Amino acid sequence: MSSVADPKAPPVNRVGLSVKEYGGLKSTLCTGCGHDVITRQITQAFYEMGVAPHKVAKMSGIGCSSKTTAYFVDRGHGFNAVHGRMPAVATGAMLANHGLVTIGVSGDGDTASIGAGQFVHMLRRNIPMIYVIENNGVYGLTKGQFSATADLGTRLKTGVVSDLPPIDLCAMAIELGCGYVARSFSGDMKQLVALLKGAIAHRGTALLDVISPCVTFNNHEGSMKSYKWAKEHEIPIQEIGFVPYFEEIHVDYDPGTTQEVELHDGSKIRLKKLREDYDATNKGGALALLLEAEQKQEFLTGLIYVEPSKKDFLSLLSLPDVPLASLTEKETRPPREALDKMMEELR
Amino acid sequence: MSSVADPKAPPVNRVGLSVKEYGGLKSTLCTGCGHDVITRQITQAFYEMGVAPHKVAKMSGIGCSSKTTAYFVDRGHGFNAVHGRMPAVATGAMLANHGLVTIGVSGDGDTASIGAGQFVHMLRRNIPMIYVIENNGVYGLTKGQFSATADLGTRLKTGVVSDLPPIDLCAMAIELGCGYVARSFSGDMKQLVALLKGAIAHRGTALLDVISPCVTFNNHEGSMKSYKWAKEHEIPIQEIGFVPYFEEIHVDYDPGTTQEVELHDGSKIRLKKLREDYDATNKGGALALLLEAEQKQEFLTGLIYVEPSKKDFLSLLSLPDVPLASLTEKETRPPREALDKMMEELR
Amino acid sequence: MASVVLEERGTQSGSRGPEVVNDFSIHVATANGSGSMSSNNILMRAIFQMGIPVSGKNLFPSNIQGLPTWFTIRASKEGFIARRRDIGVLICMNPETAQEDVKTVNPGAAVIYEESLNLRGTRDDVHFYPVPFSKLVLELVHDGKLRRLAVNMIYVGVAAWLLGIEMEEIKKALSKQFKGKEKAVEINLAAIQGGFDWAARNLVKSDPFRLERMNATAGKIIIDGNAAAAMGCAMAGVTVVAWYPITPSSSLAESLISYCQQHRIDPQTGKPTFAIVQAEDELAALGMVMGAGWAGARSMTATSGPGISLMSEFTGLGYYAEIPAVVFDIQRVGPSTGLPTRTMQGDILSTYFLSHGDAKHILLIPGSVTECYLFAQEAFDLAERFQTPVFVMSDLDLGMNNWMADPFPYPEKPFDRGKVLRSSEEIKAHIAKFGEFARYRDVDGDGIPYRTLPGFSDLPAAAYFTRGSGHTDHATYSERPQDYKDLMDRLARKFETARRAVPKPEKRTTPGARVGILHYGSSDFAVQEARHLLSRRGMPSDSLRVRALPFPAEVLEFVASHDRVYVVDQNRDGQMYDLLRLELTPQDVARLRSIRHYDGFPLDAETVVEGVEAGEKV
Amino acid sequence: MASVVLEERGTQSGSRGPEVVNDFSIHVATANGSGSMSSNNILMRAIFQMGIPVSGKNLFPSNIQGLPTWFTIRASKEGFIARRRDIGVLICMNPETAQEDVKTVNPGAAVIYEESLNLRGTRDDVHFYPVPFSKLVLELVHDGKLRRLAVNMIYVGVAAWLLGIEMEEIKKALSKQFKGKEKAVEINLAAIQGGFDWAARNLVKSDPFRLERMNATAGKIIIDGNAAAAMGCAMAGVTVVAWYPITPSSSLAESLISYCQQHRIDPQTGKPTFAIVQAEDELAALGMVMGAGWAGARSMTATSGPGISLMSEFTGLGYYAEIPAVVFDIQRVGPSTGLPTRTMQGDILSTYFLSHGDAKHILLIPGSVTECYLFAQEAFDLAERFQTPVFVMSDLDLGMNNWMADPFPYPEKPFDRGKVLRSSEEIKAHIAKFGEFARYRDVDGDGIPYRTLPGFSDLPAAAYFTRGSGHTDHATYSERPQDYKDLMDRLARKFETARRAVPKPEKRTTPGARVGILHYGSSDFAVQEARHLLSRRGMPSDSLRVRALPFPAEVLEFVASHDRVYVVDQNRDGQMYDLLRLELTPQDVARLRSIRHYDGFPLDAETVVEGVEAGEKV
Ligand SMILES: Cc1ncc(C[n+]2csc(CCOP(=O)(O)OP(=O)(O)O)c2C)c(N)n1
Ligand SMILES: Cc1ncc(C[n+]2csc(CCOP(=O)(O)OP(=O)(O)O)c2C)c(N)n1
Ligand code: SF4
Ligand code: SF4
Ligand SMILES: [Mg+2]
Ligand SMILES: [Mg+2]
């Protein structure tokens, strides 16, 4: 909770910044687009966590969803890359500067269709970044064709029905060893902001598959990614509380009904179970849950799987503390002796 | 069982061809390469199933493994495409001519590294083809770098150790709805040929992830894809029998210990359980099994998951019986009236 | 009140000059996704139905809702339908841009605008017509949900009154637009009529612009190039389509889907004679097309710049392994994502040389919607004849905008399926004639080998192995230097054969012309208008429109036979100009001048005129 | 017996002509993976250590074991180290190709072969030396497992005896080869000595070829271009490397890994000052490089043709969004998979124009291992200076073969990190000077803007948004025609600045020369030898080696100052010849002639001589 000095001044967070200073440009998305709701939650989460905005790297591909990185934290650097290949660009940025707090925003087309390959390898490497999929089951920016996450049997306005099974990006992520896997809904702001704060606290890829209705092309009767459908079908598996490491509150909770998980930075995420003793730290159980949800076509949300201890890619490389990007000629050009030695071996 | 007329003549299969007529060019792989063993089993399986060789389409990407399509059934057409993108080419070929019996041969690099994206979408579409991964954990043709299936902790001759988790292509396939998922070992010919015959009998993508040691770059002490390691660690989960639809034998079996599954063409695959009541038709169980194997670093082989009834991509398109490739101007150029109608709408 | 004021302005603006009849353009400024598209179509069609040559261009943003969009309708009694810089009539519906929009019009222009925008003060040399659209819509449309769209119908009515568009034709266009939807027709008609009546009661016309019936569009159609190309593909018997959505090519694939569903269902079986697949990306799309072409289908994909870049590797495979494929590139502004909704001819050079290594490709460049239809068919014949990827280089202006044309002719030419041995009989006959079947052997000197198809014949001789690596003429693997050289030389020979087979350029002459204009694709409309203007100004010119690469001999002859030839490119680097320099003799290169237009807007005649006049120092 | 017969042959073949000393090539034919590489290296190094200029070329198949491989060692007292067509000494170890191999040698050549191959009958104009290798190996090597490899050491001994290679130098080379591995040295030495002794006892020399000590290699090194380039990258302070294995570029990345592990570990922390990642494919590799370059790292990738094709889209992003990146293209024979283990300069043109839309790139073209080392460093400076992808166009011949060179100089020039504002102070100073920070504004006329780096400054002004779509000079999204045009014009201006900054061409002259030879990259060795031969035949010539694109002014001047200029391309389509035609005046284009070599083998001097002589109708 932020200390308010001047009563007229807006409240500020622990680094002394107001929520305004985490804002971005005015959105150019359709009024009511689910993506804009997510943008607001991202802004809020970065503000509440007191992340230094200039350390934020906002990576995205191409799509309406990918545009949103311009709409938050404009004191951070943004990179709107090419379609479906943002994970590689984010990986490169993190290699150059592991001090960045990187958030990738992508769409279901950007990730599950053209981007499936890079998505797989980002997860395998466990690149330390938050990866948000603004999932509306269609290609919004190209006017509403089905993406690879379109639900079986869902219908476009044109009447076309999706006859291929959707790719469950959460299941895929868990399968590939991702240590923070959540599904949410842009209509469920309270849950979403908690999950985002947890993602900021996690070290490694934090995946959020957020159902985010496309009001223009996929929000009608018969769509299974509409606000209406999602609202009616959402089944949260937990009530999610988040206790940041920098806040010293001790509320007791009942371990029987609530699971507490300590994250990399010391923050704690509290999962009040709404589904009889579901253990979010059990990989097998998580996969089973998703399979069951798929078979029953249930729309489950919450922190599906969490495993905070897994090593991320950068620590495997044992990089120096100074970011590689900060190294200068002094540190990176070998001395004359080194060259002489190399030459000697070639004589 | 082939009927032998002239005692001197070689035995022939039900379409009257000898096994020789399913052969190909001489292999140019290293002597002892696991891939050559697989080539022989493929030859044998096509022979025993009596597949018309000229109907066979042999698709591959780039790699030592991908070269092998030239070494069997050279009365079929082969297509050695580009690296990692063979699934798309195979998909196109099947769209043009669904009468082809298509087998794709790929490597772990070709499939799990550069090919991950197309692999995912081939599985999602359930393209009717046999997809064999000759998995040696390295890029053989480029001299032995790790691929994305290299096991955690495995070591190259150079001493480099793999510190990323391997991608389990079988788990991925099951996750993505593949209806025939098997893991085998090129050293286990009996099992492999049975699985291949089952794959020919299946309609839809039939995935075989075959551990196939690279004797030149990954067959040393410390490698977890060497003949030695595989031989010592292989744990078959079933003993596999195959009864082709064209053979009328009735052997009784004990449903308690053996699971019989009828495949698309009427053939039956018999799974004599070696692992206490493992049910290969249970998706959840299959995923759990693979997860357990991963955690224990067990090398399980057999038919891990089978679901013969799932619709393949071509039937979803309800294509005509005549292959599209056979259609002529007569069937494919709309009549004058059609054009007139289109013009009318534009006046 | 307004009207009075207006009259005065009208007088002041001193433009009681001569009437301007059937020769001006109407510019409608709205916000994207505000549903003005139908209104604009109705305006355009009504004018068209009055027998007046017309064209409609949509200048839209890469956005789904909210950003500014402009629609320009050009009426031209002389039949010029290129973009025109000067705006006669402006309809301001977008508060965001109104101030800017007014600045862009010519003195004497008519400006219809939402009253509350208060534009009157901004200029005193134009005719202002303030209209209380937001008030009117409340009276005219009772269902609140419909108002956002219906308000656009009101300006149709106002414009109809102001310019003399016949209400009968408006009604016809309206019911065509909402075919079958009675309710919609009714509501929108009320709005249009309401706008018309209000204008009649409250406005006094002071501007010179008027439309009157003539007879220059009888029997003609209006269509966009992508729909025309799709129609051509359907008529060409395409059987396998793999695509990935990308602006401005998506509508080609989507029109193709609907044409095929209507006209490509087998009457006997009721089954489709085609398969259309939305691929996961462009690499996969072309990969599928390659597989299908190899297996004997007529296969195609449609994309734009970024997709072309991703197709580079597979294109090289198609060139080297000789696999037929048709690729439509509906060009937009690059490089990279660039301006996805703006037009350019920016991929000509990189597509001609697409792929690493030595490779050159056949490019067809349609210059009208009719050619989009014809070249789509030509492309499949050439792809199968030459067993190689063929690119149809359209662009956003041609592909997504509305163009007038004569009805398309029914194809008389039978399909050319190329040198395919489709059965054991044909293979046996081939062997009898040539001794054997060798997949990559040039048996008759044109550089084109024969091919068989997988699964079509059980003769052992029928099978061959396709690969992107070195191969002999028997399609067996080879690293022999001579085998490689022979193959590459034959491919070069095949390309020379193609030079004689691709569509010849289109030449237009004016007596006494010493200078020529060489252009291609959608530039034709502006270039022909420019020639007209140049002639008027005493500078006759000939023009040659390149319709395909490699250049047929006629192209070189045209250059050789003119003092100076102005090459018109819609790109920064003069890509066609460069390609010409690679094939012309030094003497002829000396005749070339380069005119380049690259701001994302379609080319207009003035730009060409200015370029030529600058060069000729008039 | 053998020897006697041989003597007769020797006599008969009547080649008791003059001795050929230190000027011939040795051709070793073996099977791939048979472990002959070490033997060949030892032969080459021993000759090198005798002070004789030498080069070694490996002609290997795209296969790991079993297919034929040839290794050619050229000794040249004059220091010519290009490929040479005629073979003086042939060592036949591969039964598969022996018959063919013998046909390829010149009359009078010496042929060492495995006795059992029975080649004697095949020709009577060469000197045959049958050697019972398989028998000998049984006697000489007791450990059966080692015989497959050791048999190759025997021919080293035989050749040493036959050609007069000093055993002392052989021993030195041997222990260098198996540094530290005592046992291996011992066993192999036994085999070599055994071969030597057997030859001394059983052969009688009848051929004219001999090697004798001279002093032309003192202090020189032998290295392949990929190792040299890797060394350059390590010295250039590369910090992020992302690569995907592909022949012939893999060894660049792999050498870089080992050089970095040895020389790029921070002595204080013991941690690496670099990150090298094996990406999942080339799209990802360049994507990572882009991300790293954007974030401030010196980042690079290495690939070959197919990878270049896959990098097309990201390259366009780098050009348009202005992101530094270094890409090594070790060219091999394309298109498609082509001949992966053969050499060509086939990607020059497509890489120069890589990406859809208008784009041109800086290409550096090293012509020696020394330049591989130097240009690797130059590339990082240029990439950061011009904020764009820079391509280093090497090839398989240069990259994977062994070349003699003087030791590389230690870099004196400090890094050029380009216009980067690395701290709040620098940003404030910039704002003070220019009023504000605008990421894409050209503040000083060279077309190059300033940039900041993510995370380096908390000034709100420091942050900007990078995108591949249209943008203003403030890096905000824009579709305004003028913004687009301004950006593209500035990029063209920046490219002109680069024209003045890239390495100038290297000119060599001969008094009285009227003709010039213009070439690039690995062609230099053959071209300089060709000039030598041409002069001898009375035709002096100058040469200009292009070392970078865009062409510096000197290139145009060279052409203008010669009657005829022969452009030497190692590709089918004369790619550099074409690029020149795009920039020269018509008069100068008329001076150009094109010489093209494209069979996958390295260029040799004869080809150039023949080309020039044909053109000059000598
Ligand atoms: C290489 C390439 N292919 C195609 C496109 C066209 N395109 C732009 S966005 C998009 C899909 C966006 O869908 P999604 O990622 O779900 O984002 P959404 O708009 O639905 O939020 C496509 C296909 C492109 N920009 N680049
Ligand atoms: C686009 C592209 N990148 C890289 C290569 C080089 N390359 C050829 S094969 C191969 C990997 C092969 O590994 P795998 O698929 O496992 O087959 P294996 O040789 O191990 O059987 C690579 C990287 C290529 N041919 N094309
Ligand atoms: S089109 Fe859909 S996804 Fe795109 S902005 Fe509009 S509502 Fe959002
Ligand atoms: S390198 Fe390995 S994979 Fe390739 S052929 Fe040899 S053994 Fe087989
Ligand atoms: Mg979407
Ligand atoms: Mg492998």
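Order of the sequence lines fixes the chain letters, A, B, ..., with proteins taken first and strands second; residue numbering starts at 1 for each chain. Being a predicted model, the structure only gives us computed values, none of them experimental.
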note = Turns out that what part of D:Ile246 lies under 4.5 Å from chain B's heavy atoms comes down to backbone

task = Give me the contact list for residues 210-231 of chain B versus chain D, heavy atoms only, anything under 4.5 Å, ordered by residue number.
result = B:Thr216, B:Phe217

inquiry  = B:Phe185 vs B:Asp209, test: side chain to side chain contact (heavy atoms under 4.5 Å, CB included). Steps then yes/no.
reply    = CA-CA 8 Å; B:Phe185 166 44; B:Asp209 178 14; over 6 Å; no

request  = To the nearest 0.5 Å, tell me how far D:Leu149 CG sits from D:Arg147 CZ.
outcome  = 12.5 Å

Most contacts with chain B, counted as non-hydrogen pairs under 4.5 angstrom, among D:Asn32, D:Asn63, D:Leu283, D:Leu67 = D:Asn63

remark   = When the 4.5 angstrom heavy-atom criterion is applied to B:Thr158 and chain D, the contacting part is neither

inquiry  = Just so I know, are the side chains of D:Met290 and D:Thr301 near enough to count as touching, which here means a heavy-atom distance under 4.5 Å?
reply    = no

key: chain D contact residues among residues 100-115 of chain B, heavy-atom distance under 4.5 Å   = B:Gly109, B:Ser113, B:Ile114

request  = Compute the centroid of each ring, for D:Tyr244 and then for B:Tyr139, and state whether the two points are separated by less than 6.0 Å.
outcome  = yes

query = Looking only at side chains, do D:Asn94 and D:Trp70 share a donor and an acceptor under 3.5 Å apart?
reply = no

key: Ion pair check, D:Asp266 and D:Lys271, cut-off under 4.0 Å   = no

query = Is it the side chain or the backbone of B:Ile62 that comes within 4.5 Å of chain D heavy atoms, both, or neither?
reply = side chain

inquiry  = Please give me the minimum heavy-atom distance between D:Asp224 and D:Gly399, naming the atom from each residue.
reply    = OD1-O, 3.1 Å

ask   = Between the main-chain N or O of B:Val73 and the side-chain N or O of B:Lys58, is there a donor-acceptor pair closer than 3.5 Å?
value = yes

ask   = Does the pair D:Asp281/B:Arg85 count as a salt bridge with the N-to-O cut at 4.0 Å?
value = yes

task = Using the six-membered ring wherever Trp is involved, compare the ring planes of B:Tyr131 and B:Phe119 and label them parallel, tilted or perpendicular (cut-offs 30° and 60°).
result = tilted

query = Minimum heavy-atom separation for B:Leu290 to B:Arg183, with atom names?
reply = CD2-NH1, 3.6 Å

